[in-house]
Amino acid sequence: MAFALKSIAHRDRLKILMLLACRKELSVSELQKGVGLTQSMTSQHLLAMKARGVLLSEKRDNRVFYSIRNKNVLKVMACMKKCAGKEGI
């Protein structure tokens with residue numbers, strides 16, 4: 001459990017997951033703009049979550065698109081949001 005929680009236990013990673021939950025699939029540049037991070041930092045977060053089985057990636061032409069691989073992560077986020085109350089992320 002600690003391994004799974006560690007993969008999403010970061011404010012920016014949660015923001016990325018929330019964006020992907022709404023849009024199903026986004027490119028790195030779309031995620032970067034949505035989260036407000038540098039491309040390098042966004043890519044680091046995406047790669048970490050992909051390595052832990054949270055995300056999938058697909059390369060099309062010169063762009064990489066990400067989606068949520070493990071949909072159970074959305075259930076965990078919903079549960080944690082209830083526990084956090086109004087504080088949110």
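We're numbering straight along the sequence, starting at 1.
Applying salt bridge (Lys or Arg N to Asp or Glu O under 4.0 Å) to E25 and the options R63, R60, R69 leaves one that passes, R60.
Note that OG of S27 and CG of D61 are 12.0 Å apart. Values are rounded to the nearest 0.5 Å. Distance CE/M77 to CZ/R13: 13.0 Å, rounded to 0.5 Å. Atom CD1 of I16 is separated from atom CE of M49 by 4.0 Å, given to the nearest 0.5 angstrom. Note that NZ of K75 is 9.5 Å distant from CG of N70, once rounded to the nearest 0.5 Å. Atom CD1 of I68 sits about 4.0 Å away from atom CG of L74, to the nearest 0.5 Å.
Taking 4.5 Å as the limit, every side-chain heavy atom of L14 sits out of range of all side-chain heavy atoms of M80. Side-chain contact check for Q44 versus S40: some heavy-atom pair is nearer than 4.5 Å. By the 4.5 Å heavy-atom criterion applied to side chains, Y66 and L47 are counted as neighbours. The shortest side-chain heavy-atom distance between L31 and L20 falls under the 4.5 Å cut-off. Proximity of D12 to T42: side-chain heavy atoms (C-beta onward) are nowhere separated by under 4.5 Å. Residues L46 and V64 are not in side-chain contact: their nearest non-hydrogen atoms beyond the backbone lie 4.5 Å or more apart.
In terms of hydrophobic clustering, with Ile, Leu, Val, Met, Phe, Trp and Tyr side chains grouped at heavy-atom distances under 4.5 Å, V76 and M18 are assigned to a common cluster.
Looking at every heavy atom in both residues, V28 comes nearest to S43 through CG1-OG, 3.8 Å. Closest non-hydrogen pair, L37 versus Q32, comes out as O-CG, 2.9 Å.
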